[in-house]
Peer 1: 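Quick one: the structure is below, and I'll ask about it shortly.
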Amino acid sequence: QYPVNATLDDLRIIKALVVYDAINHTNRYQKEAATRFKALASHCIVGGQLVDYYDVNQDQAAKKGSLAYFDLQTLRYFENATDKGKDRYQKQLRVVQNGYLGDVFPLYHASYNWQTKQYSADNLNTSEALEVLLHLAEVGKLKSASKNWLVFQVNKRALKNGYRITGEVANNGQSVANYALAAMIFATIGDRVHYQTAMQLVWKEQIRDKQSPIFGALSNQQAQIAYSFNNLTALNASYRE
């Protein structure tokens with residue numbers, strides 16, 4: 001077992017247990033999910049401060065929290081698990097919302113340092129930036145300016161892989177996963193028209209050549225490389241159709 005794990009991945013595992021029970025109308029994993037969340041919170045959300053990871057070997061937690069790691073829906077689900085639960089969720093929500101860059105470029109800072117109480121000025125990885133929007137959408141807090149910006153980028157097929165916090169493009173490449181994340185955001189807020197638009201861009205990248213060793217994958221035909229993040233994010237988005 002690796003001594004360090006991303007807090008977001010732990011939250012995703014916990015959410016998966018909760019979702020399984022919700023879909024199958026069981027309580028098979030309720031105790032497991034609650035136990036794992038309590039253990040995670042004891043190291044990675046101490047005092048309502050969500051951090052990126054906890055190093056078991058060093059017995060030390062990170063100082064910063066990447067805003068993409070703030071799975072607000074899962075935090076809200078467990079808000080009543082303890083007396084501190086609600087404070088924990090509300091605190092994370094405030095940190096994310098206060099990281100808003102403004103209506104001109106309606107995304108969010110990459111991370112927040114709990115010690116210095118400052119947001120990062122680093123460039124934005126678009127996949128992580130869209131995770132922030134998705135988490136906000138899941139708790140009904142997505143700003144209309146953010147939605148409108150995303151609609152514009154998808155309609156123009158201009159969603160780049162990286163941006164400076166001032167809004168300029170930092171990485172001119174594009175990713176299937178980002179359009180899939182955009183589709184998930186649209187699905188979450190009930191925008192079926194733009195969901196379909198984003199998914200059409202996703203499926204355009206599917207390998208149709210039956211002779212290809214990666215037939216059916218989302219990839220570049222020439223490179224013959226299929227990245228798991230692109231393909232799994234697309235599958236996750238397609239489930240919401």
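Below, all heavy atoms of this structure are taken into account, side chains as well, without hydrogens, waters or symmetry copies.
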Peer 1: Would you say the side-chain atoms of Ser66 pair up with the backbone N or O of Ser111, donor to acceptor, closer than 3.5 Å?
Peer 2: no

Peer 1: Side chains of His135 and Leu8: does their closest heavy-atom pair fall under 4.5 Å?
Peer 2: yes

Peer 1: Measure across Gln92 and Phe70 and return the closest heavy-atom pair with its distance rounded to 0.1 Å.
Peer 2: OE1-CE2, 3.2 Å

Peer 1: Taking all heavy atoms of Ala226 and all of Ser219, pick out the closest pair and write down the distance.
Peer 2: N-OG, 3.8 Å

Peer 1: Check whether any side-chain heavy atom of Tyr100 lies under 4.5 Å from a side-chain heavy atom of Pro106, and answer yes or no.
Peer 2: yes

Peer 1: Should Thr188 and Leu134 count as side-chain neighbours, where that means a heavy-atom distance under 4.5 Å?
Peer 2: yes

Peer 1: Do the side chains of Val56 and Tyr69 join up, straight or via other hydrophobic residues, at under 4.5 Å, putting them in one cluster?
Peer 2: no

Peer 1: Mind listing the closest non-hydrogen atom pair of Val51 and His43 along with its distance?
Peer 2: CG2-O, 4.4 Å

Peer 1: Please check this pair: side chain of Thr197 against backbone of Val193, looking for a donor-acceptor N/O pair closer than 3.5 Å.
Peer 2: yes

Peer 1: Distance check, rounded to the nearest 0.5 Å: Lys38 atom NZ versus Ile45 atom CD1?
Peer 2: 13.5 Å

Peer 1: With side-chain hydrogen bond (donor to acceptor under 3.5 Å, both in side chains) as the criterion, how do Thr26 and Asn24 come out once you've worked through the C-alpha distance, each side chain's angles and the decisive distance to 0.1 Å?
Peer 2: CA-CA 5 Å; Thr26 64; Asn24 294 284; 5.5 Å; no

Peer 1: Out of curiosity, does Val176 fall in the hydrophobic cluster containing Phe215 (side-chain heavy atoms, cut-off under 4.5 Å, transitive links)?
Peer 2: no

Peer 1: Determine, using the 4.5 Å side-chain heavy-atom cutoff (strictly less than), whether Tyr29 and Tyr77 are members of one ILVMFWY cluster.
Peer 2: no

Peer 1: Is there any salt bridge (charged side-chain N to carboxylate O under 4.0 Å, His left out) pair reaching into residues 103-115, and which pairs are they, with sequence neighbours excluded?
Peer 2: none

Peer 1: Find the distance between CD1 (Ile13) and OG1 (Thr74) and round it off to the nearest 0.5 Å.
Peer 2: 11.5 Å

Peer 1: Please check: side-chain N/O of Thr126 versus main-chain N/O of Asn161, any donor-acceptor pairing under 3.5 Å?
Peer 2: yes

Peer 1: Using side-chain contact (heavy atoms from CB on, under 4.5 Å) as the criterion, point out the one residue from Asn178, Asn172, Asn171 that pairs with Lys160.
Peer 2: Asn172

Peer 1: Can you tell me if Asn230 uses its side chain to pair, donor with acceptor, with the backbone of Ser175 under 3.5 Å?
Peer 2: no

Peer 1: Does a side-chain heavy-atom distance below 4.5 Å link Arg28 with Tyr20?
Peer 2: yes

Peer 1: According to salt bridge (charged side-chain N to carboxylate O under 4.0 Å, His left out), does anything in residues 46-64 pair up with another residue at least two apart or in another chain? List the pairs.
Peer 2: Asp52-Lys64

Peer 1: In plain terms, say whether Glu205 and Arg157 are close enough for a salt bridge, that is, a side-chain N and a carboxylate O under 4.0 Å apart.
Peer 2: yes

Peer 1: Backbone N or O of Leu218 within a donor-acceptor pair of the Asn231 side chain at under 3.5 Å?
Peer 2: yes

Peer 1: Is the closest side-chain heavy-atom distance between Gln49 and Lys91 below 4.5 Å?
Peer 2: yes

Peer 1: If we ignore hydrogens and angles and just use 3.5 Å, is the side chain of Gln206 paired with the main-chain N or O of Gly216 as donor and acceptor?
Peer 2: yes

Peer 1: Regarding Asp209 and Ser212, is there a side-chain donor-to-acceptor distance under 3.5 Å anywhere?
Peer 2: no

Peer 1: Would the distance check show the side chain of Tyr119 and the main-chain N or O of Val95 forming a donor-acceptor pair, the cut-off being under 3.5 Å?
Peer 2: yes

Peer 1: List the atom of Ala158, the atom of Tyr163, and the distance in Å for their closest heavy-atom pair.
Peer 2: O-OH, 3.6 Å

Peer 1: Counting distance only, does the side-chain N/O of Asn236 pair as donor-acceptor with the main-chain N or O of Leu232 below 3.5 Å?
Peer 2: no

Peer 1: Do you know which two heavy atoms are closest between Ala137 and Ile185, and how far apart they sit?
Peer 2: CB-CG2, 4.5 Å

Peer 1: Considering only heavy atoms from C-beta outward, does the side chain of Leu72 approach that of Glu138 to under 4.5 Å?
Peer 2: no

Peer 1: I want to check something: taking the side chain as every heavy atom from C-beta on, are Leu124 and Glu128 in contact at a cut-off of under 4.5 Å?
Peer 2: no

Peer 1: Should we say atom OH of Tyr54 is surrounded by more than 12 heavy atoms from elsewhere, each under 6.0 Å from it?
Peer 2: yes

Peer 1: Taking the side chain from Asn113 and the backbone from Thr116, do they hold a donor-acceptor pair closer than 3.5 Å?
Peer 2: yes

Peer 1: Assess whether side-chain hydrogen bond (donor to acceptor under 3.5 Å, both in side chains) is satisfied between Gln97 and Lys141, documenting all intermediate values.
Peer 2: CA-CA 9 Å; Gln97 291 179 318; Lys141 301 294 184 181; over 6 Å; no

Peer 1: Rounded to the nearest 0.5 Å, what separates atom CD in Glu32 from atom CZ in Arg36?
Peer 2: 4.5 Å

Peer 1: If we ignore hydrogens and angles and just use 3.5 Å, is the side chain of Arg192 paired with the main-chain N or O of Ala187 as donor and acceptor?
Peer 2: no

Peer 1: May I have all residue pairs that pass side chain to side chain donor-acceptor pair (under 3.5 Å) and include part of residues 4-14, sequence neighbours excluded?
Peer 2: Asn5-Asp10, Asp9-Arg12, Arg12-Glu131

Peer 1: Considering all heavy atoms of both residues, which atom of Lys117 and which atom of Tyr112 are nearest to each other, and what is their separation?
Peer 2: CA-OH, 3.2 Å

Peer 1: Give the intermediate values and the outcome of side-chain contact (heavy atoms from CB on, under 4.5 Å) for residues Leu159 and Leu150.
Peer 2: CA-CA 8 Å; Leu159 195 54; Leu150 190 58; 4.2 Å; yes

Peer 1: Check Tyr179, Phe152, Phe186 against His194 for a ring-ring contact (aromatic ring centres under 6.0 Å, His included) and give me the one that passes.
Peer 2: Phe186

Peer 1: Go through it in stages, so that I can follow the logic: the residues are Leu50 and Asp71, the test is side-chain contact (heavy atoms from CB on, under 4.5 Å), and I'd like the CA-CA distance, side-chain angles, deciding distance and then a yes or no.
Peer 2: CA-CA 10 Å; Leu50 188 148; Asp71 184 343; over 6 Å; no

Peer 1: Flag the pair Ile14 / Phe78 as yes when at least one side-chain heavy-atom distance between them is below 4.5 Å, and no otherwise.
Peer 2: yes

Peer 1: I'd like to know if Val169 and Leu181 are part of one continuous hydrophobic network [Ile/Leu/Val/Met/Phe/Trp/Tyr, side-chain heavy atoms within less than 4.5 Å].
Peer 2: yes

Peer 1: Nearest 0.5 angstrom please: Leu67 CG to Ser120 OG, how far?
Peer 2: 9.0 Å

Peer 1: Could you check, using the six-membered ring where one of them is a Trp, whether Trp149 and Tyr108 have ring centers closer than 6.0 angstrom?
Peer 2: no

Peer 1: Is there a path of hydrophobic side-chain contacts, each under 4.5 Å between heavy atoms of I, L, V, M, F, W or Y residues, that connects Val154 with Val151?
Peer 2: yes

Peer 1: Would you indicate whether Phe105, at its atom CZ, is surrounded by more than 12 heavy atoms from other residues, nucleotides or ligands within a distance under 6.0 Å?
Peer 2: yes

Peer 1: Out of curiosity, Ile189 CD1 to Ser144 OG, how far, rounded to the nearest 0.5 Å?
Peer 2: 10.0 Å

